*Asks:* 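Input: one structure, supplied below.
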Number of protein chains: 2
Amino acid sequence: MADSRTRRPPTMNDVAQRAGVSQTTVSFVINDRSDISISDETKERVWEAVNDLDYRPNAMARNLRSSKSQLIGLISDEITTTEHAVQIVRGAQDAAWEQDKLLLVVNTDGNPKIKNAAVRTMLEHRVESIIYATMYHRSANPPAPLHGVPCVLLDCYAEDRSFPSVVPDEVQGGRTATEALLAKGRQRIGFLNNVDPIPATFGRLAGYRAALEAADLPFDPTLVKRAISGSSGGYEAATELMLQPDPPTAIFCFNDRMAMGVYDALRKLGRSIPDDVAVVGFDNEEPIAAHLYPPLTTVRLPHYEMGQWAVNFLEEHAGADAPPIQHVIECPLIERASA
Amino acid sequence: MADSRTRRPPTMNDVAQRAGVSQTTVSFVINDRSDISISDETKERVWEAVNDLDYRPNAMARNLRSSKSQLIGLISDEITTTEHAVQIVRGAQDAAWEQDKLLLVVNTDGNPKIKNAAVRTMLEHRVESIIYATMYHRSANPPAPLHGVPCVLLDCYAEDRSFPSVVPDEVQGGRTATEALLAKGRQRIGFLNNVDPIPATFGRLAGYRAALEAADLPFDPTLVKRAISGSSGGYEAATELMLQPDPPTAIFCFNDRMAMGVYDALRKLGRSIPDDVAVVGFDNEEPIAAHLYPPLTTVRLPHYEMGQWAVNFLEEHAGADAPPIQHVIECPLIERASA
DNA sequence: TGGTATTACTAAATCGTATTAGTAATTTAT
DNA sequence: ATAAATTACTAATACGATTTAGTAATACCA
């Protein structure tokens, strides 16, 4: 018992010896090679020996010839204090699992040294492909050696479009959020946008405007405020928005953290949610969105789906050159009670 | 360029040929074997060839003989909608990195089939050890084949103590939270506990009582309420607590989500935080704790540290039998503005 | 001056599997 | 009845590294 982990694991040869056949035969039986005939008794003897010895093939030895490691690398570029990273890993892993592959995860905390070392180590392990993920949608500079292996960027893109990438559909997300508010009969819809010059900021605004336009509503610049995307920014911007003449009857917030501040502001002003003012957030940060009162209607970022898509895309283009397309994934509406 | 990924990667033999030396020599140079003498010119020639060919050693081939895969398995048992999983992975990975090892991550979503398959696949890849993690502190039933490899349980423990494990120090956490409130001069401290029969529930209560006792304060059962650990549970329990005669001047909440509800209740009752009532949470769920107003003082679960500890522990006991100890890690106080 | 050390290398074995090329015995086809 | 095909296996090789055991040439020492 105690020495079970110090003893060398059984090899195919051990199995062969116990079953009284050649190692080759064991290999054929184990891999169930239908193009080679093995008698049923022999098969049985082999499987018995396999079970007796608790034999497990050595993946390193198996993969040595084919150079197919059955490993997919996942590099996440930054620290994240959200569950988003988990969702990416889950999506990627679930898809990898379908292909009997495992995920090699390294998180670089933005450190370029680690970033390069991570790619190097992964290449040494002969990963079949690499997913390079950032934790919010942005432009990225993946390390050059990545070009040596099939690779997709996740939640980011290379300025020069030298890699395929998957990103959330920010425009559709902004539009969906706005439409959810419109569907509740709101006409004056405020938008509290972020200040950072990132795709989310531009895209969601574009979506907001597109939704208004589609509903034949004018775009009113006084209804759009920009603030740092946290609860205090949301609090202040919402207060400002509501104290204007002709305040909105609905507010679309750049993210859920901002929405938290909006809730506080509205409560302070004595407005009820959603009766006086409907609110929609973005990100679907569970701990916030599900636990605010009333629970926050929001738009979810498709992290799980992006992870899934990345692995499947890489599989489809295995061996060949993956076209450097930019794939966009829908951000679904999560309906709760605030709209 | 385009065929760079279809071409077979260069081997040590390719390097040897280009440098005009034997493959053995290349191996010696690359591994910088100081016990073997190689002339400087030769070394230089070899490194030149390595760079020219962009040679990277094949980890599978290298590790085949030693059966040291440089891989550590991390199995996470459940879906989580928190950042906790990320912290575990980060801690484990940072520690693994120090040892030039990589993390193989599988998340089983609680599915026993996947759980077993994950262990099997990891063993086939000859992981050097496995970390089996759950997403909240509880008793667990890890799959039997885990006994075949050095393993530690993270955030959980085996009823029969057959595995070493790391868990948060719930008692100290509860005590720390209570003491933080006592340090602010509060004497009547309420505790909104969870209802689930899990270590966190028992431990934090014990810590709360220990802190009171150490401060020579009586334990008043009317100050302790139990509720489902979400914001609505927190809201109701806090309301009930505050409407009692002689209500508390401070509330320690089982977790941050509950604290969110407590904030709402206190606001509704016109009590200010922290002046009228100080609040302390648990878990340090960033999106909540940092974005509530005022920002929530809370106790952090040591997920990062547990991941780190697990990897280091496994390294220390590499090869040998790891003693099935239960290691407990401190939950630090995160001071913000609510206490 | 002969013997031992040291330097600078190389040939060959090895790890555990998959695959290729056989071989001997039996069955089928003509 | 004999050639051809099929069945049921095995021996040997390859994958890409590390390691062991050597070898030839030069340096050192008594």
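Since the model is a prediction, treat every value here as computed from it, not as a measurement. Order of the sequence lines sets the chain letters (A, B, ...), proteins ahead of strands, with each chain counted from 1.
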*Asks:* So does A:R33 get a side-chain nitrogen or oxygen closer than 4.0 Å to the phosphate oxygens (OP1/OP2) of C:dT19?
*Replies:*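 A:R33 to C:dT19 OP1/OP2: side-chain N or O found under 4.0 Å.
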*Asks:* Distance check needed: D:dA14 P versus A:L64 CG, whole Å only.
*Replies:*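 Rounding to the nearest Å, CG of A:L64 and P of D:dA14 are 14 Å apart.
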*Asks:* Is there, by distance only and without an angle test, a donor paired with an acceptor across the side chain of A:R62 and the base of C:dA18 below 3.5 Å?
*Replies:*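 No, no donor-acceptor pair under 3.5 Å.
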*Asks:* Within the structure shown, what part of the strands sits under 4.0 Å from A:N63 by heavy-atom distance: base, sugar-phosphate, or nothing?
*Replies:*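 Since no nucleic acid heavy atom lies under 4.0 Å of A:N63, the category is nothing.
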*Asks:* What is the distance from CD of A:E44 to P of D:dA8, rounded to the nearest Å?
*Replies:*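 It is 15 Å, rounded to the nearest whole Å.
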*Asks:* Taking any heavy-atom pair under 4.0 Å as a contact, classify A:S66: base, sugar-phosphate, or nothing.
*Replies:*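 Nothing, no heavy atom under 4.0 Å.
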*Asks:* Parallel, tilted or perpendicular for B:H137 and B:Y157, by the 30°/60° rule?
*Replies:*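 Rings of B:H137 and B:Y157: perpendicular, over 60°.
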*Asks:* Does B:N111 use its side chain to pair, donor to acceptor, with the backbone of B:K113 at less than 3.5 Å?
*Replies:*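 Confirmed, B:N111 side chain pairs with B:K113 backbone.
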*Asks:* Take the angle between the ring planes of B:F313 and B:W309 and call it parallel below 30°, perpendicular above 60°, tilted in between.
*Replies:*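 B:F313 vs B:W309 ring planes: parallel.
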*Asks:* Could you check how far CD of A:Q17 sits from C1' of C:dG16, rounded to whole Å?
*Replies:*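 Checked: the CD to C1' distance equals 14 Å.
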*Asks:* Please determine if a side-chain N or O atom of B:S39 lies less than 4.0 Å away from the OP1 or OP2 oxygen of C:dC9.
*Replies:*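 Affirmative; the distance criterion is met.
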*Asks:* If you measure from CD1 on B:I130 to CD1 on B:I75, what distance do you get to the nearest 0.5 Å?
*Replies:*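 Rounded to the nearest 0.5 Å, the CD1-CD1 separation comes to 5.0 Å.
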*Asks:* What nucleotide among C:dA8, C:dA18, C:dT17 has an atom nearest to a side-chain atom of A:N58?
*Replies:*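 My answer, after comparing the listed nucleotides, is C:dT17.
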*Asks:* Mapping B:K43 and A:R56 to their closest nucleotides on DNA chain C, which lands nearer the 5' end?
*Replies:*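 It is B:K43 whose nearest nucleotide is closer to the 5' end.
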*Asks:* Take the protein atom CG of B:D14 and the nucleotide atom P of D:dG16, then report the distance between them rounded to whole Å.
*Replies:*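 In whole Å, D:dG16 P lies 8 Å from B:D14 CG.
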*Asks:* Would you mind telling me which of D:dA12, C:dA12, D:dC15 lies closest to the side-chain atoms of B:T24?
*Replies:*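 Per side-chain heavy atoms of B:T24, the pick is C:dA12.
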*Asks:* Assign each of A:R65 and B:G20 to its nearest nucleotide of DNA chain C by heavy atoms, then name whichever residue's nucleotide is nearer the 5' end.
*Replies:*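 Nearest-nucleotide comparison on DNA chain C picks B:G20.
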*Asks:* Using whole Å, what does the distance between atom C1' of nucleotide C:dT20 and atom CG of A:D35 come to?
*Replies:*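 To the nearest whole Å, that distance equals 12 Å.
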*Asks:* Both B:I36 and B:A59 contact DNA chain D. Taking the nearest nucleotide for each, which residue is further toward the 5' end?
*Replies:*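 The answer here is B:A59.
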*Asks:* Taking NZ, NE, NH1 and NH2 as the nitrogens, is one of them in B:E83 or B:R90 under 4.0 Å from a carboxylate oxygen of the other?
*Replies:*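 A salt bridge is absent here (no side-chain N lies under 4.0 Å from a carboxylate O).
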*Asks:* Whole angstrom is fine here: how far is it from CE in B:M60 over to P in D:dC15?
*Replies:*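 Distance check: B:M60 CE to D:dC15 P gives 14 Å.
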*Asks:* With no angle test and no hydrogens, is the base of C:dA11 tied to the side chain of B:S22 by a donor-acceptor pair under 3.5 Å?
*Replies:*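 Result: no qualifying N/O pair found.
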*Asks:* Is A:V89 close to B:N107 at the side-chain level, that is, under 4.5 Å between some pair of heavy atoms?
*Replies:*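 No, side chains not in contact.
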*Asks:* With the side chain of B:A61 defined as its heavy atoms from C-beta on, choose the nearest nucleotide among C:dT19, D:dG16, C:dA8.
*Replies:*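 Of all the options, the side chain of B:A61 is nearest to D:dG16.
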*Asks:* At under 4.0 Å between heavy atoms, what does A:T42 touch on the DNA or RNA strands: base, sugar-phosphate, or nothing?
*Replies:*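 The answer is sugar-phosphate, as A:T42 gets under 4.0 Å only of primed atoms, P, OP1 or OP2.
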*Asks:* For the base of C:dA18, is there a side-chain donor-acceptor partner from A:Q23 under 3.5 Å away?
*Replies:*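 Yes.
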*Asks:* What contact category does A:T25 fall into here, base, sugar-phosphate, or nothing, at under 4.0 angstrom with non-hydrogen atoms?
*Replies:*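 A:T25: base contact, heavy atoms under 4.0 Å.
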*Asks:* Output the rounded distance in Å from CZ (A:F28) to C1' (D:dA12).
*Replies:*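 To the nearest whole Å, that distance equals 12 Å.
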*Asks:* Between atom CG in A:N13 and atom C1' in C:dA18, what is the gap in whole Å?
*Replies:*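 Going from A:N13 (CG) to C:dA18 (C1'), I get 13 Å.
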